[in-house]
Number of protein chains: 2
Amino acid sequence: MKIGELAKATQCQVETIRYYERKGLLPETNRTERNYRVYGPGDVDRLSFIRHCRRLDMTLGEISVLLQLKDASPEDCSSINNLVDDHIKHVAVRIQELKSLHKQLINLRNSCAGSGSVNECGVLSGLSRALVEESNRSILNDRLVQGTHQVSGRHKAA
Amino acid sequence: MKIGELAKATQCQVETIRYYERKGLLPETNRTERNYRVYGPGDVDRLSFIRHCRRLDMTLGEISVLLQLKDASPEDCSSINNLVDDHIKHVAVRIQELKSLHKQLINLRNSCAGSGSVNECGVLSGLSRALVEESNRSILNDRLVQGTHQVSGRHKAA
DNA sequence: CCTTGACACTGAAGCCGCTACAGGGTTTCT
DNA sequence: AGAAACCCTGTAGCGGCTTCAGTGTCAAGG
């Protein structure tokens, strides 16, 4: 099968496949006489695996490690489980951060009395002040949160 | 005051200040004879505002809009509130996505019986299959989640 | 047989919000 | 006077792609 067919089979964009190849997640394939990449069912499996991992928000680095463990088929699965456990922790931390953020934003929003002028509004002045509440200060503290906004490429395309 | 002092006053890195200037969030300042940027108290306010917004994970685009509204001081604050409301929605959506993700990961992790071989483990095979549960399928569906992993620059520095 | 359109290829640049570095000049302190 | 600490510009890097420019290939229809 050619790259376009693989793309359809895995719900993945053609460019993304080539990108994964460059990054070493997919092996370099055989080529046709005319230099087209040729894939087999094993490639569908491997790419599906990668995409599922990405959907679980693992980094390409983590996925790389998983693929190596998978390829090596070691005796026990503890290294895989450790990786997954770590990832679960990442996600849990992000959720806590975002919850704290959400709380702060709601507080901020509530500081607007109604439809008065900006000067009376409280939201802008709230933004001018440090508005970290006592609530979750220890978590959010001084760091930036990041990651609320989705990268939109896939959505536009799909 | 010079750029380093502004940086200290706002807990912001010097390079970030110059970056904001390039991006148009901070105006181009006066310069000394020797071409050093010179800032006043108004700049501290403006940069603090920007940093607080960033701490609330707004994009520079959103902050730009807020700054314009702030500068223009319109009659009512509804446009500001709308922006903040939208942002709150973004955050809420991200939290839901991450919760669903977390659930899926826990399920995946539980599919490992114990310390058997990888073949029996279930985690890898789970990753090979689509493992979106019925639970939150509508939300996560086919899209990538992203943003679990923090960009670490600031932490290293601080 | 020729054209049109869909597909394939490479390489480079763009997105976000910075960070970091190279390679200079200036100021401040000892 | 010399060293450390600051300032400047410009460029490249991070992740995970996307997009674009420019070219080549292939199957179907007129």
Side-chain angles (χ1 to χ4, degrees), chain A residues 1-26 28-39 47 50-51 53-64 90 142-158, chain B residues 1-8 10-26 28-39 47 50-51 53-64 90 143-158:
Chain A
M1 75 199 308
K2 282 188 288 180
I3 197 169
E5 301 169 75
L6 177 61
K8 252 173 217 151
T10 55
Q11 302 267 60
C12 178
Q13 296 206 208
V14 166
E15 292 86 355
T16 304
I17 297 174
R18 287 196 280 247
Y19 174 76
Y20 288 160
E21 184 186 304
R22 276 204 303 286
K23 289 285 153 176
L25 291 168
L26 292 175
E28 299 198 8
T29 60
N30 295 330
R31 301 284 185 123
T32 67
E33 235 178 13
R34 296 304 188 167
N35 201 33
Y36 287 13
R37 288 170 181 84
V38 182
Y39 297 97
L47 182 51
I50 296 171
R51 289 269 94 192
C53 289
R54 284 293 299 134
R55 229 159 261 145
L56 296 174
D57 198 30
M58 296 182 189
T59 65
L60 296 188
E62 287 172 325
I63 298 171
S64 247
H90 290 330
D142 204 18
R143 73 201 278 211
L144 302 183
V145 175
Q146 291 177 346
T148 305
H149 302 273
Q150 284 286 137
V151 174
S152 55
R154 256 178 79 88
H155 311 286
K156 257 190 293 182
Chain B
M1 75 200 305
K2 283 188 288 178
I3 198 169
E5 301 169 73
L6 177 61
K8 252 174 217 149
T10 56
Q11 303 266 63
C12 178
Q13 297 205 208
V14 167
E15 291 88 352
T16 304
I17 297 175
R18 288 197 279 248
Y19 174 76
Y20 288 161
E21 184 186 304
R22 276 204 302 287
K23 291 284 153 179
L25 290 167
L26 293 175
E28 299 197 10
T29 60
N30 295 331
R31 302 283 185 124
T32 67
E33 234 175 17
R34 295 304 188 168
N35 201 31
Y36 287 12
R37 289 171 180 84
V38 182
Y39 297 96
L47 182 50
I50 295 171
R51 289 268 96 194
C53 290
R54 284 292 300 133
R55 229 157 262 146
L56 296 174
D57 198 32
M58 296 182 189
T59 65
L60 297 189
E62 287 173 326
I63 298 171
S64 249
H90 290 331
R143 73 199 280 208
L144 302 182
V145 174
Q146 292 179 343
T148 306
H149 303 273
Q150 282 288 137
V151 174
S152 56
R154 256 178 77 88
H155 310 287
K156 258 190 293 183

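Here is the naming used below: chain letters follow the sequence lines, and residue numbers restart at 1 for every chain.
- Residue B:R31 has its side chain nearest to D:dT9 when only D:dT9, C:dT19, D:dC6 are considered.
- Using a 4.5 Å cut-off on side-chain heavy atoms (C-beta onward), A:T59 and A:I63 make no contact.
- For B:R55 and C:dG17, the CZ to P distance is 16 Å, given to the nearest whole Å.
- Under 4.0 angstrom from either OP1 or OP2 of D:dT9 there lies no side-chain N or O belonging to B:R18.
- The CD atom of B:E28 sits 13 Å away from the C1' atom of D:dT9 (whole-angstrom rounding).
- Annotation for A:V38 and A:R31: closest pair CG2-C, 4.2 Å, computed over non-hydrogen atoms.
- C:dG11 atom P lies 10 Å from atom CG of A:N35, rounded to whole Å.
- Contact annotation: A:R54 side-chain N/O to D:dC17 OP1/OP2 distance is under 4.0 Å.
- Looking at heavy atoms from C-beta onward, B:T10 lies out of side-chain contact with B:I50 at the 4.5 angstrom threshold.
- Taking 4.5 Å as the limit, every side-chain heavy atom of A:L47 sits out of range of all side-chain heavy atoms of A:Y39.
- The separation between A:E62 atom CD and D:dG15 atom P is 12 Å, rounded to whole Å.
- For the pair A:T29/A:Y36, no side-chain contact is recorded, criterion being any heavy-atom separation below 4.5 Å from C-beta on.
- Side-chain contact between B:E5 and B:K2 is present, with heavy atoms from C-beta onward closer than 4.5 Å.
- Going from atom CD of B:E21 over to atom P of C:dG17 covers 18 Å, rounded to whole Å.
- Across every non-hydrogen atom of A:G4 and A:V14, the tightest pair is CA-CG2, 4.1 Å.
- Within the 3.5 Å criterion, the main-chain N or O of A:R22 finds no donor-acceptor partner in the side chain of A:R18.
- A:E62 places none of its side-chain heavy atoms less than 4.5 Å from the side chain of A:R54.
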Detail all sub-3.5 Å separations between protein N/O atoms and N/O atoms belonging to nucleotides 3-5 of chain C.
none

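- Here the closest non-hydrogen pair linking B:Q13 and B:A7 is C-CB, 4.4 Å.
- Computed from coordinates, the B:E15 CD to D:dC6 C1' distance equals 12 Å when rounded to whole Å.
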Go through A:E28 and A:R37 one step at a time and tell me if the salt bridge (charged side-chain N to carboxylate O under 4.0 Å, His left out) criterion holds. CA-CA 9 Å; A:E28 299 198 8; A:R37 288 170 181 84; over 6 Å; no
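- In this structure, NZ of B:K2 is placed 9 Å from P of D:dC8, rounded to the nearest angstrom.
- Residue A:E33 contributes atom CD, which lies 18 Å from atom P of C:dA8 at whole-angstrom precision.
- For D:dT18, the OP1/OP2 oxygens have a side-chain nitrogen or oxygen of A:T16 closer than 4.0 Å.
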Tabulate atom names and distances for all N/O pairs under 3.5 angstrom spanning the protein and nucleotides 14-16 of chain C.
none

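- A:R37 comes within 4.0 angstrom of sugar-phosphate atoms only, judged by non-hydrogen atoms across all strands, and of no base.
- With contacts defined as side-chain heavy-atom distances shorter than 4.5 Å, the pair B:E15/B:Y20 does not qualify.
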Anything under 3.5 Å between a protein N or O and an N or O of nucleotides 22-25 of chain D, put it in a table, one pair a line.
from   : atom 1 : to    : atom 2 : distance (Å)
D:dG24 : N2     : A:Y36 : OH     : 3.1
D:dT25 : OP1    : A:R34 : NH1    : 3.4
D:dT25 : O4'    : A:Y36 : OH     : 3.2

